[in-house]
J.: 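Can you keep this structure in mind? I'll have questions shortly.
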Number of protein chains: 2
Amino acid sequence: MSAPPSTNATSETRAAAKKAAKKPATIHDVAALSGVAASTVSRALSTPGRVNFRTRARIEAAVTELKYVPNAQAKALSSGQTKSVAVLVADITNPFYFDIIRGTQLQLKAAGYTQLLVDTEESEEVEVNTIEQMLQTADGVILTAPRLSDEALLLAATKMPLVTINREVPGIPSVLLDTPTATNQALDHLISLGHSHIAYLGGPGSSSSNIRRWEALSTAAQERGVQVDRLGPFAPRTYSGAAAADALVYSGATAGIAFNDLMAIGMLQRLATRGVRVPEDISIVGCDDIFGADFCSPPLTTVTAPVDQAGRVAVTMLLSRINPGIGTLPRSQSVLPTHLTIRGSTGPAPLRP
Amino acid sequence: MSAPPSTNATSETRAAAKKAAKKPATIHDVAALSGVAASTVSRALSTPGRVNFRTRARIEAAVTELKYVPNAQAKALSSGQTKSVAVLVADITNPFYFDIIRGTQLQLKAAGYTQLLVDTEESEEVEVNTIEQMLQTADGVILTAPRLSDEALLLAATKMPLVTINREVPGIPSVLLDTPTATNQALDHLISLGHSHIAYLGGPGSSSSNIRRWEALSTAAQERGVQVDRLGPFAPRTYSGAAAADALVYSGATAGIAFNDLMAIGMLQRLATRGVRVPEDISIVGCDDIFGADFCSPPLTTVTAPVDQAGRVAVTMLLSRINPGIGTLPRSQSVLPTHLTIRGSTGPAPLRP
DNA sequence: CCAAGAATGGCAATCGGTTGTCATTAAGTT
DNA sequence: AACTTAATGACAACCGATTGCCATTCTTGG
C-alpha cells in the first residue's frame with residue numbers, strides 16, 4: 001500500500017491523513033468522535049434501547065458528521081448475514097425473465113436486500129456451481145425453472161434457504177405459474193374454433209413446466225377426444241421457431257401450441273416466410289405473454305401469467321424463511337393463476353377437402 | 001443461537017459437531033488437516049510459488065477433502081476487494097438493457113467477478129444512493145445512461161472506479177454507442193425517399209444521448225436544408241408512443257425519428273389504431289434495434305448498435321482500472337460504431353397535393 | 001443508610017481470511 | 001568447514017463489524 005510514512009503522528013494528523021485518503025469512516029472513528037467504545041456505537045445503531053438516549057444522540061451526531069456507513073462485508077462476516085439474495089435465471093435475454101427480475105429486485109430492495117443476478121446459460125453445471133458458490137455469498141437463492149434433479153435441489157435446500165419458480169419439488173417452497181390450466185383453456189379455445197388436430201411444440205426435455213404442460217394437455221385432449229401430437233423438443237428461442245414451424249406444417253395439424261412465446265414468434269416469422277397464413281391456414285398459441293407478443297404479426301394468442309408477481313411472491317417466501325418468525329407464517333407453495341389472452345394468431349380451422 | 005451445550009468436548013467431538021452442523025470448512029480446518037498454519041494455506045492458494053510444492057500438495061489434498069471454499073466476505077474484509085461490480089440500469093424491463101446486462105454478466109463472470117444488478121427506476125435519487133452504497137460493496141460501478149450531473153459523476157469517480165455507457169464526461173472512462181452518426185444516416189435515408197419535413201420525437205430531457213442525438217440531427221438537417229422539428233419530450237416507453245404518434249401526425253411531418261424503439265413501437269401501434277398507414281402515410285425510424293424491432297408490424301427501420309459489446313467493453317475498461325498494470329493499457333473511451341437497419345417502417349414520402 | 005437490582009458502557013473474543021515480519025532450515029559459495 | 005543467502009513456514013496484527021460477559025453507576029426498596 002502507499003501508506004504515508006507513519007512517524008510519531010498524533011491522532012489528529014492521522015485522522016487528517018485518513019481524510020485525505022478518502023477512506024470511509026469506520027465504527028471506531030464514530031466511537032472516537034463521540035467518546036464511547038465501538039461496541040456502544042454498534043449497539044446504539046442496532047439495539048437502540050440498549051443505550052442511553054443522550055449517548056445515542058451523540059453517536060448519531062457523529063454518524064452524520066462522519067457520514068458513517070457500516071461496512072457490509074464486516075457486518076456479513078460477524079453476523080453471518082450477507083443481506084443479499086441470488087436470483088438464477090436460465091437466460092437473461094429471454095424477455096420472460098424481465099418481469100421476474102424486476103419483481104424480485106423491487107421486493108428485495110424494499111427489504112434492504114441486494115440482488116445478485118446470475119445467468120446460468122441454460123446449463124445445469126453452471127447452475128450447480130453457482131448454488132455452491134452462493135452458499136457462502138448469499139442468504140438465500142431463488143431458482144427460476146431450475147434444470148437440476150429433485151435430489152440435487154433437495155440437497156441444496158438443506159444447505160440454504162431456497163425458493164423455486166416454476167418447479168415443484170416436495171419439501172421445497174415454490175411459486176408456480178399455473179400455465180397447464182390456461183393451456184387447457186387454449187385447447188378449448190382451439191376446439192371451439194373447429195380444430196381437431198393440434199400439435200404441442202415442446203420445450204427442453206429437462207424443463208419441468210414443459211412436462212407439466214404436456215401432461216395436462218394430453219390428458220385434456222383424451223377427455224375431449226381430439227388429437228394432440230407432441231413435437232420437439234425445441235430450444236425455447238426465437239431461432240428454433242423455424243424448425244418448429246416446419247415440423248408443425250409437416251405434421252398436418254391445423255393449430256400449434258408452442259412451449260413459449262419466443263418459439264411462437266419465431267414460428268410466426270417462419271410461417272410468413274413460407275407463405276403459410278396465420279390464422280387462416282394455421283393457428284398458433286404461445287405461452288408467457290412476453291414483451292412483443294402483443295405487437296408481433298399477427299398479435300399472438302397466448303397464456304398470460306402474473307410474472308412480476310411471481311418474483312415478488314418468491315422473495316416474500318424466501319425472506320420469511322431467512323428471517324423466521326417475522327411477519328406472516330411462511331407459505332410453502334403458491335400457485336398463481338393464469339389466463340388465455342386471445343389475439344389474432346388463432347382463428348377458425350381451415351376447411352379440409 | 002442453538003449451539004449444543006459445549007461441555008468439556010474434545011476437539012474431535014467438536015469437529016464432529018461442526019460436521020453435523022454442515023458448517024463449511026474454514027482455512028483453519030484445512031490448516032489443521034494438513035498440519036500447517038493458516039497463513040501457509042492462504043499463501044499456498046494465492047501465491048503458489050511461496051510454498052514448497054510438497055506442502056502445497058498436502059494442502060490441496062486437504063482442500064479437496066474438506067471441499068474448502070474461501071469465504072468471500074472474509075476475503076473481502078481483509079483484502080479490501082469484493083470481487084463484485086455493480087451495474088446500474090435505469091429500467092430493467094427495457095429490452096435495450098438486456099444485451100448490456102448479458103454482456104457485462106458474461107465478461108464479469110469470466111473474470112471471476114459477481115454482478116450486482118440494480119434498477120434505478122429512472123430516478124436520480126436512487127442512482128446516487130446506490131452509488132453511495134456500492135462504494136463499500138463493490139469494487140467498481142458501471143453506469144448505463146446515468147442521469148446524474150457531470151459534477152456528481154466526477155465526484156463519484158474520485159471515490160471508486162467507474163465507467164459510463166452512453167454518457168460522456170471528461171475524465172470519466174466511457175463507452176459510447178455512436179447513434180448520432182447512424183441517426184444522420186437515417187436522415188439521409190429519409191431525404192432520399194423524398195421526405196423534407198421530418199420530426200424528432202425526443203426522449204427525457206436529462207438523457208445525454210437524447211441531447212447528442214438532437215444536436216447531430218439539427219446540424220445535419222441545416223446542412224441538408226430540410227426541416228426537422230423537435231417534439232416531446234416523451235417517456236422512453238411503449239405507452240408514450242401514443243402521444244408521440246399523435247404529436248407527429250399533428251406536426252404535419254411525413255417521417256418521425258423516435259428516441260428509441262420502445263417509443264417507435266408504441267407509435268406504430270397508435271398509428272395503426274388511428275388508421276394511419278406506415279410507411280405509406282408516415283415513415284418511422286427507431287433506435288436501438290431491440291428485441292421485437294424485427295417482428296413488429298411493420299418491421300422497424302432502426303439504428304442498430306452492438307449493445308452486448310458495449311457491456312463487455314465497459315467491463316474490460318472497468319477491470320483494467322480496478323487491477324491496473326494487468327493486461328493492456330486502459331483506454332479511457334471507446335466509441336462503438338452503429339448502423340441503420342432498414343426494414344419496413346420507412347418508405348417514399350407521400351405525394352402532397 | 002445500605003444492599004439489591006437495573007441500566008449502561010467497555011473489554012475482548014470472534015467471524016475467516018491476508019500479509020508483514022521473523023525464525024528456522026537448507027542450499028550454495030569460497 | 002565456516003559463512004552467506006535463499007527458501008520456507010509460523011506468529012501475530014489487522015480488516016470492521018458483532019456480541020457475551022463483566023464492571024461501574026444510578027435507582028430504588030427495605
Side-chain angles (χ1 to χ4, degrees), chain A residues 1-3 5-6 14 18 21 23-59 62-63 66-83 133 135-137 139, chain B residues 1-3 5-6 14 18 21 23-60 62-63 66-83 135-137 139:
Chain A
M1 303 298 151
S2 64
S6 88
R14 253 188 284 120
K18 182 168 284 185
K23 264 187 97 176
T26 74
I27 200 171
H28 294 100
D29 299 331
V30 176
L33 184 59
S34 45
V36 297
S39 53
T40 305
V41 177
S42 174
R43 288 200 178 89
L45 266 36
S46 58
T47 326
R50 183 71 175 67
V51 170
N52 185 293
F53 82 102
R54 293 196 57 76
T55 316
R56 176 149 44 97
R58 283 214 319 281
I59 291 174
V63 164
L66 295 174
K67 295 181 185 170
Y68 166 68
V69 181
N71 179 304
Q73 267 67 39
K75 216 163 179 164
L77 185 56
S78 53
S79 71
Q81 295 243 327
T82 61
K83 288 287 179 182
Q133 189 191 334
L135 224 66
Q136 315 249 354
T137 309
D139 292 345
Chain B
M1 304 301 149
S2 63
S6 87
R14 251 188 285 119
K18 181 169 283 185
K23 265 186 96 176
T26 74
I27 200 171
H28 294 98
D29 300 330
V30 176
L33 184 59
S34 46
V36 297
S39 55
T40 305
V41 176
S42 174
R43 289 203 175 88
L45 266 37
S46 59
T47 327
R50 184 69 174 69
V51 171
N52 184 292
F53 82 102
R54 293 197 56 78
T55 315
R56 175 149 45 97
R58 284 214 316 283
I59 292 174
E60 278 165 359
V63 164
L66 296 174
K67 295 182 185 169
Y68 166 68
V69 181
N71 179 302
Q73 269 66 42
K75 217 163 177 164
L77 184 55
S78 54
S79 71
Q81 297 243 325
T82 61
K83 288 283 178 184
L135 224 65
Q136 315 249 354
T137 308
D139 291 345

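When reading the values below, keep in mind they use all heavy atoms of this one structure, side chains included, and skip hydrogens, waters and symmetry mates. Each chain gets a letter, A, B and so on, in the order its sequence line appears, and its residues count up from 1.
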J.: Round to the nearest Å and state the distance from B:L135 atom CG to D:dG16 atom P.
T.: 13 Å

J.: What integer distance in Å separates B:K75:NZ from C:dC15:C1'?
T.: 16 Å

J.: What is the distance from CD of A:Q73 to C1' of C:dG16, rounded to the nearest Å?
T.: 13 Å

J.: Kindly calculate the angle separating the two end axes of the helix from C:dC1-D:dG30 to C:dT30-D:dA1, each obtained from five base pairs, and round it to 10 degrees.
T.: 40°

J.: Side chain of B:N52 only, please: which of D:dT8, D:dT18, C:dG17 is the nearest?
T.: D:dT8

J.: Among the candidates D:dG16, C:dT19, C:dG16, find the nucleotide nearest to the side-chain atoms of A:H28.
T.: D:dG16

J.: OG of A:S78 to CG of B:L77: how many Å apart, nearest 0.5 Å?
T.: 8.5 Å

J.: Output all residues satisfying side-chain contact (heavy atoms from CB on, under 4.5 Å) with A:N71, sequence neighbours left out; order by chain, then residue number.
T.: A:Q73, A:A74, B:Q136

J.: Output the rounded distance in Å from CG (B:N71) to P (C:dG16).
T.: 7 Å

J.: Rounded to whole Å, please give me the gap between CD1 in A:I59 and P in D:dA17.
T.: 13 Å

J.: Which residues satisfy the side-chain contact (heavy atoms from CB on, under 4.5 Å) test with B:A62, sequence neighbours excluded?
T.: B:V30, B:L33, B:S34

J.: How many whole angstroms separate atom CG of B:L45 from atom P of D:dG9?
T.: 14 Å

J.: Is a donor on one side and an acceptor on the other found under 3.5 Å between the side chain of B:T82 and the backbone of B:T137?
T.: yes

J.: Which donor-acceptor pairs under 3.5 Å do side chains of residues 49-56 of chain B form with protein atoms, sequence neighbours excluded?
T.:
from  : atom 1 : to    : atom 2 : distance (Å)
B:N52 : OD1    : B:R54 : N      : 2.7
B:R56 : NE     : B:P48 : O      : 3.4

J.: Mind calculating the distance between CZ (B:F53) and C1' (D:dA7) to the nearest angstrom?
T.: 14 Å

J.: Please name all residues satisfying side-chain hydrogen bond (donor to acceptor under 3.5 Å, both in side chains) with B:T40, sequence neighbours left out, ordered by chain then number.
T.: none

J.: Taking the nucleotide of DNA chain D with the closest heavy atom to each, which residue, B:A74 or B:R54, is nearer the 5' end?
T.: B:R54

J.: Provide a list of protein-nucleic acid N or O atom pairs under 3.5 angstrom, restricted to nucleotides 10-14 of chain C.
T.:
from   : atom 1 : to    : atom 2 : distance (Å)
C:dG10 : OP1    : A:A37 : N      : 3.4
C:dG10 : OP2    : A:A37 : N      : 2.7
C:dG10 : OP2    : A:T40 : OG1    : 2.5
C:dG10 : O6     : A:R43 : NH1    : 3.0
C:dG10 : O6     : A:R43 : NH2    : 3.1
C:dC11 : N4     : A:S39 : OG     : 3.1

J.: Describe the nucleic acid contact of A:V51 in one word from base, sugar-phosphate, nothing, applying a heavy-atom distance below 4.0 Å.
T.: sugar-phosphate

J.: Taking side chain as C-beta onward, heavy atoms only, is B:V36 less than 4.5 Å from B:V41?
T.: yes

J.: Test of understanding: with side-chain contact (heavy atoms from CB on, under 4.5 Å), list the residues that count as partners of B:A38, not counting sequence neighbours.
T.: B:I27, B:H28, B:A31

J.: Looking across every strand, which nucleic acid part, if any, lies under 4.0 Å from B:V69 by heavy atom: base, sugar-phosphate, or nothing?
T.: sugar-phosphate

J.: Nearest whole angstrom, please: distance from the P of C:dG16 to the OH of B:Y68.
T.: 10 Å

J.: Determine the minimum heavy-atom distance between A:A44 and A:I59, stating which atoms define it.
T.: CB-CD1, 3.7 Å

